[in-house]
Amino acid sequence: MTSFRVKSEGRFAAAGFALIASFALSGAPVVAQEANMLQAPTGMQPSGPVPESLKSDSSSSANLAPAGEAGPRRIVPPGYGATTPSSGMPQAEEPAGPSQFFPAGKRASEPSVRMLSAVPGQDNSGIQIGTLTGVDASTAGLISAQQGGLGTDMWQGASRADIDRYLSRLPVPARSPVMNDLARRLLLTGAQPPEGASGGVSLLAIRLNRLIAAGQTQAALDLGATVGNERGPAVAAGIARAALAQGDDRLACDALKDIPPGNDPAHDAMAAFSVKLSAYCQIAAGNTEIASLTLDLAREEGMDDALFYSLASEAAAGITLRAPEPNKLTIVDTAFYRLADRELPENAVEIVEPALLQSMLADPSVSDEMKVAAAERAAAYGLLDGRDLAAFYRKPSFTPEQMAGLLTSDIPESSSLRRAMIFQSIGMAAAADERIHLFKLAFATAESAGLYYPTVEALYPELDRMVPSDALRPLAPAAARAFIAIGERSRAQDWLSLISSGGQMLGRDTRELTGLMRVSGGSPQSFDSEKTSAEIVSDLKSGVKATQLYAASEAMMLEALGFQLTPAVWDALLDARGALTGDVPPEALLNRLQAAGQKNAVGETVLLSLDAIGQKGPGTVHPRASAQAVASLKAVNLESEARRLALEALMARSNAGRG
């Protein structure tokens, strides 16, 4: 298990954390003895004993690309695009050849493929590993169609150049449960590679890198293991990064033999990574003098990374060099913090890569306060479910005075500790009025923090025990919204029945919650088109921008799902187009997405949908982008996913039941 030391922060932070660089892993080759390591001068020996975890074992086996797309921005109506732009795009190049100056490794040929029949770690997965010869490693996968995979032919009809391009910039992790789920399934599905020549980039390596970016390091390791010991440099680098994130130094250093150094670490990312990993493994193996030589050579080659030199020098020779405080912590950075036994910055939870959040949550030296913040961030990215978030919300201890003075507490209102306090208060509250207030407060603060969905899951046991009644009528909109969000439509309808249309606010809640119910599971064949269209037109003509935005989003989601609205809706929408907000993807991308759905290109449709929605989720993009993604997902028979995306997009524009 990875262990960190983190600087104390605020009154709730622990005074200090003990770092234990845990190398309890056997069966690894001595790093300094591998063919890819820098050769030491004659007679030079390790400065200390080699850790057991890195001793040799005879049984061991020897970014965001610019969109480049432009065009007019069309607002509505049905159709969503008409043409398919050219797909030829330049591809990234593989790292340069080996250099005399840095640790060098062989360039492995494309390996045979190993297929896993189930996702490792799942109950009753019954994993069977078998070698398939003569198959492109790009076909490796962990999930079948029965397990949620997108099919072995998901790339049919797509070009390799396009897939390489869009997959390399896959926006993960996203602030969207359905988009994170689709991205995970896309990356783990074993499929025949798309047609066309590769630009020199391994499709498997791209998938590994995006899994790591999404925080799915164990899945990356499992996928990387399917290729066995023969792996290309980019695949080996991905395995090494995932292993470092998991604290597996043996596996990370073993991958080094397959990573070429390049000859320009100042400008070549792969060469720079090779240098850093070499230094890390040399220090971990006790070869500090060789590591110091590696650092000197890196400086001579012009590699500029003050934080790396500071941490590596401290770990290798006890020399502390000044370096600016980082605004981002990579997997390699945190590995060197651990190796140097240096405290992580106070804001480490906010700036570490998502791949490191799980390690922080499992580290007993990390304070409960920091774990709550890390758990919230992990939950927002889909790396932690609501039940686990609830467990971390229960960890902090608050004084009776703090709990009694929740609304006047000195804990910052928007902080993770404040949300943990609200969560704990709900479990202790008995009076109906108090519980209503706390539930609404919990949902409102979670919504503003981008944590609404995991918070609903965390509070589900408490909410499920509450029976709709007149005494709980003020909670009805918030409760209905919560049950709609998690797909329990019958429970949502029970709470909707409490809402009276007598008041203006409750009437608006009824209107929008009914719309959310329709999008989440209504039938296009049995809805009242005239009535629904009239309600949408009325909203669009209201002059209230929030109301107009909701109505426009509702109309476009319904149209994408196959609901037929009257022409008056589109006339009113054109008149209210000034109220529509959100990031507008390039027209060429939306046209390409439409074409992918029309030709039933499942993998390409999912990939382009993810690109169009982006990392911030459907609440920040223009409704037209969400509508096109919904329509295309539905066209390739991903109806459930289309519904969930439409619901997320519409909920982001609805104020009903927000608390």
Side-chain angles (χ1 to χ4, degrees), residues 432-433 435-444 446-448 452 456 463 466-486 488-523 526-559 561 563 565-566 568-569 571-573 575-576 578-581 619 623 646-659:
D433 288 348
R435 288 177 68 80
I436 290 171
H437 171 73
L438 289 171
F439 266 111
K440 294 172 72 173
L441 183 61
F443 290 143
E447 193 104 45
S448 62
Y452 181 73
V456 171
L463 190 62
M466 300 183 72
V467 179
S469 65
D470 288 341
L472 297 175
R473 186 185 301 274
L475 181 61
R481 180 186 179 92
F483 280 116
I484 291 172
I486 59 177
E488 295 201 9
R489 289 168 48 80
S490 61
R491 297 299 308 278
Q493 189 59 56
D494 292 340
W495 286 95
L496 271 173
S497 65
L498 280 179
I499 302 176
S500 168
S501 60
Q504 181 178 358
M505 184 179 69
L506 289 178
R508 188 66 211 166
D509 284 340
T510 300
R511 159 78 181 95
E512 294 189 6
L513 291 170
T514 300
L516 293 175
M517 286 283 284
R518 185 182 299 114
V519 164
S520 68
S523 170
S526 61
F527 91 112
D528 190 334
S529 176
E530 292 291 335
K531 179 182 177 182
T532 302
S533 297
E535 291 174 343
I536 294 174
V537 169
S538 177
D539 285 350
L540 290 172
K541 293 182 177 181
S542 68
V544 179
K545 286 193 173 182
T547 300
Q548 291 175 313
L549 180 57
Y550 170 82
S553 300
E554 181 185 18
M556 298 173 82
M557 297 309 123
L558 289 173
E559 176 72 22
L561 289 170
F563 290 77
L565 301 173
T566 64
V569 169
D571 293 337
L573 183 51
D575 292 338
L580 274 63
T581 60
L647 179 62
E648 285 186 23
L650 191 55
M651 287 190 72
R653 265 66 187 225
S654 171
N655 291 316
R658 281 185 179 263

* Work out which heavy atom in W495 is nearest to a heavy atom in A479; give both atom names and the distance. => CD2-CB, 3.5 Å
* Distance, nearest 0.5 Å, that separates OG1 of T510 from CE of M517 -> 12.0 Å
* Atom pair CD1 (I486) and CG (L463), whose distance is rounded to the nearest 0.5 Å -> 7.0 Å
* Asked: For the atom pair CG (L498) and CD (Q493), what is the distance rounded to the nearest 0.5 Å?
  -> 10.5 Å
Would you mind writing out the side-chain donor-acceptor pairs for residues 541-549 within the sub-3.5 Å range, not counting sequence neighbours?
{"from": "S542", "atom 1": "OG", "to": "D539", "atom 2": "O", "distance (Å)": "2.7"}
{"from": "S542", "atom 1": "OG", "to": "V544", "atom 2": "N", "distance (Å)": "3.2"}
{"from": "Q548", "atom 1": "NE2", "to": "L540", "atom 2": "O", "distance (Å)": "2.8"}

* Salt bridge present between E554 and R518 (N-O < 4.0 angstrom) -> yes
* To the nearest 0.5 Å, tell me how far I536 CD1 sits from L565 CG. => 5.0 Å
* Between the main-chain N or O of T566 and the side-chain N or O of S533, is there a donor-acceptor pair closer than 3.5 Å? -> yes
* **S520 versus R489, closest heavy-atom pair with distance** => OG-NH1, 2.9 Å
* Contact check, side chains of L573 and M556, non-hydrogen atoms, under 4.5 Å -> yes
* Asked: What are the two closest non-hydrogen atoms of L647 and V519, and how far apart are they?
  -> N-CG1, 3.7 Å
* Which heavy atom in F439 sits nearest to a heavy atom in M466, and how many Å separate them? -> CE1-SD, 3.1 Å
* To do: Check P623 against S553 and note the closest heavy-atom contact, atom names and distance.
  => CG-OG, 3.5 Å
* More than 12 heavy atoms of other groups within 6.0 Å of D433 CG -> no
* Write down the atom of A482, the atom of F443, and the distance for their closest heavy-atom approach. => CB-CZ, 4.0 Å
* Taking R481 for its side chain and R658 for its backbone only, find out whether a donor-acceptor pair lies under 3.5 Å. => no
